[in-house]
Visitor: 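Quick one: structure below, then a few questions.
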Amino acid sequence: MERVSTGIDELDRKLIGGYPVNRVTLITGVAGSGKTIFGIHFIHKNCLEGRKCLIIATEETPEDILYQAKVLGKDLKPYCESKQLIIENMFEHRSEVIEQTRYGFKPESPDIEIPNLVKLIHEGTECLVIDNIGTFALRVSTKKLRDHFDGLNYLVRKKGCTALLIMDESAHNMTHQLAEYSVYGSIRLFVKENSYLGKMERYLSIPKMRSTPVSPEISVFEI
């Protein structure tokens with residue numbers, strides 16, 4: 001199976017070359033575990049290799065993403081300026097539907113469902129990151145959610161994209177981890193204390209990656 005680099009050499013080796021092409025991989029984890037950073041590495045590497053990329057951002061502005069990427073030494077701004085990379089600002093869309101009341105802010109749900117996110121995919125997009133899809137998953141009933149994820153996976157593959165769906169662990173657990181059944185592969189990131197060293201460390205596991213002989217061992221990683 002053809003692969004696309006994750007942008008992280010060690011992860012490429014674990015995945016026998018990278019993420020499976022034209023498939024969807026789910027990345028879940030707690031806040032601060034590095035989910036968005038995995039997405040930035042993926043996009044930067046594939047911009048370097050000349051692929052057309054897209055980020056659908058639901059929790060950060062494009063400016064925040066570009067700043068974070070530059071801090072990591074993965075400057076994405078030149079690719080945005082050349083239109084090789086497009087960042088769809090769903091965060092701004094969500095903010096625009098907030099209704100201010102006399103008691104504070106009342107959030108109103110955006111009129112978009114998970115499969116409809118495909119409408120934001122520009123023609124020719126080869127690599128896609130949706131960060132964070134949990135924003136939309138929590139608005140769907142459990143009965144419909146599996147169908148929505150199946151639909152999104154089918155439509156993304158039909159578009160010819162290699163995609164990362166980033167989802168916070170709380171939303172993943174609240175939706176009974178249904179997304180994991182629909183995707184081609186999944187990576188879990190977590191943070192816990194190393195009792196031997198007496199410090200917190202970041203860990204990675206790959207519970208699922210079809211067509212890939214992955215090790216069940218948990219790996220430590222650093223940012």
Side-chain angles (χ1 to χ4, degrees), residues 19-20 22-39 42-43 53-62 64-65 86-101 104-122 125 127-190 205-210:
Y19 301 124
N22 195 25
R23 301 292 191 274
V24 178
T25 299
L26 176 72
I27 295 184
T28 61
V30 298
S33 58
K35 300 183 299 299
T36 295
I37 291 174
F38 272 64
F42 170 61
I43 291 296
C53 299
L54 171 67
I55 299 173
I56 299 177
T58 72
E59 293 189 329
E60 293 184 281
T61 65
D64 288 339
I65 292 171
I86 294 172
I87 302 177
E88 285 286 353
N89 192 356
M90 284 300 296
F91 176 77
E92 187 173 286
H93 174 68
R94 289 176 59 212
S95 298
E96 286 176 350
V97 296
I98 291 176
E99 176 186 352
Q100 187 172 11
T101 70
F105 291 97
K106 177 183 177 183
E108 301 292 341
S109 297
D111 57 348
I112 188 168
E113 293 185 329
I114 290 173
N116 291 334
L117 291 171
V118 174
K119 295 178 181 179
L120 299 174
I121 300 177
H122 298 252
T125 297
C127 294
L128 165 69
V129 169
I130 302 178
D131 184 7
N132 181 317
I133 200 164
T135 300
F136 301 97
L138 290 174
R139 295 192 175 95
V140 182
S141 70
T142 304
K143 185 177 180 180
K144 293 182 179 180
L145 189 61
R146 177 65 187 269
D147 289 341
H148 279 210
F149 274 115
D150 285 346
L152 176 65
N153 276 273
Y154 170 76
L155 294 170
V156 165
R157 290 182 61 178
K158 193 174 180 181
K159 286 276 188 177
C161 295
T162 302
L164 292 188
L165 304 184
I166 294 174
M167 192 174 192
D168 58 281
E169 186 175 272
S170 59
H172 190 44
N173 291 335
M174 288 174 68
T175 54
H176 308 288
Q177 302 182 0
L178 285 175
E180 209 156 24
Y181 293 94
S182 298
V183 295
Y184 201 80
S186 65
I187 296 173
R188 293 178 183 171
L189 309 179
F190 53 99
S205 69
I206 307 173
K208 173 183 177 182
M209 193 63 65
R210 292 173 181 156

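We're numbering straight along the sequence, starting at 1. Atom set for the values below is all heavy atoms of this structure, side chains included, hydrogens, waters and symmetry mates excluded. Since the model is a prediction, treat every value here as computed from it, not as a measurement.
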Visitor: How long is the straight-line distance from CD of Glu113 back to CG of Leu145, given to the nearest 0.5 Å?
Guide: 11.0 Å

Visitor: Which of these passes side chain to side chain donor-acceptor pair (under 3.5 Å) with Asp168: Asn173, Asn132, Thr135?
Guide: Asn132

Visitor: Grab the two heavy atoms, one from Lys208 and one from Tyr181, that are nearest each other, plus how far apart they are.
Guide: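 In terms of heavy atoms, the two residues are closest at NZ-O, 3.4 Å.
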
Visitor: Below 4.0 angstrom, N of the basic side chain to O of the carboxylate: do Glu169 and Lys35 qualify?
Guide: no

Visitor: Measuring from atom CD1 of Ile56 to atom CD1 of Ile87, what distance do you get when rounded to the nearest 0.5 angstrom?
Guide: 11.5 Å

Visitor: Atom CG of Leu155 and atom CG of Leu117: how far apart are they, to the nearest 0.5 Å?
Guide: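 Taking CG in Leu155 and CG in Leu117, the distance rounds to 10.5 Å.
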
Visitor: Under the side-chain contact (heavy atoms from CB on, under 4.5 Å) rule, what do Phe190 and Ser205 come out as? Steps first, then yes or no, please.
Guide: CA-CA 9 Å; Phe190 53 99; Ser205 69; 4.2 Å; yes

Visitor: Which atom names give the shortest non-hydrogen contact between Phe149 and Met167, and what distance separates them?
Guide: CZ-CE, 4.3 Å

Visitor: Measure the CG-CD1 distance between Leu128 and Ile55 for me, rounded to the nearest 0.5 Å.
Guide: 9.5 Å

Visitor: Examine the side chains of Asp150 and Ser182 and answer whether a donor and an acceptor come within less than 3.5 Å of each other.
Guide: yes

Visitor: Between Thr162 and Asn22 (side chain of the first, backbone of the second, donor and acceptor by atom type, cut-off under 3.5 Å), is there such a pair?
Guide: yes

Visitor: Please determine which of Ile43, Thr125, Ile130 meets the side chain to side chain contact (heavy atoms under 4.5 Å, CB included) test together with Leu54.
Guide: Thr125

Visitor: Do the side chain of Ser186 and the main chain of Leu26 share a donor and acceptor less than 3.5 angstrom apart?
Guide: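 Judged by distance alone, no pair lies under 3.5 Å.
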
Visitor: How long is the span from the CG atom in Asn89 to the OG1 atom in Thr58, to the nearest 0.5 Å?
Guide: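 Between Asn89 CG and Thr58 OG1, I get 10.0 Å after rounding to 0.5 Å.
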
Visitor: Per the side chain to side chain contact (heavy atoms under 4.5 Å, CB included) rule, which among Ile27, Ile133, Ile187 passes with Leu164?
Guide: Ile27

Visitor: For Val183 and Thr25: C-alpha separation, side-chain torsions, deciding distance, then whether side-chain contact (heavy atoms from CB on, under 4.5 Å) applies.
Guide: CA-CA 6 Å; Val183 295; Thr25 299; over 6 Å; no

Visitor: Please check: side-chain N/O of Thr61 versus main-chain N/O of Asp64, any donor-acceptor pairing under 3.5 Å?
Guide: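 Flag set: sc Thr61 to bb Asp64 pair under 3.5 Å.
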
Visitor: For the CD1 atom of Ile114 and the CG atom of Leu152, what is their distance to the nearest 0.5 Å?
Guide: 7.0 Å

Visitor: Using the rule given for salt bridge (charged side-chain N to carboxylate O under 4.0 Å, His left out), can you reason through Glu180 versus Arg188, listing the C-alpha separation, both sets of side-chain angles and the distance that settles it, and then say yes or no?
Guide: CA-CA 10 Å; Glu180 209 156 24; Arg188 293 178 183 171; 2.7 Å; yes

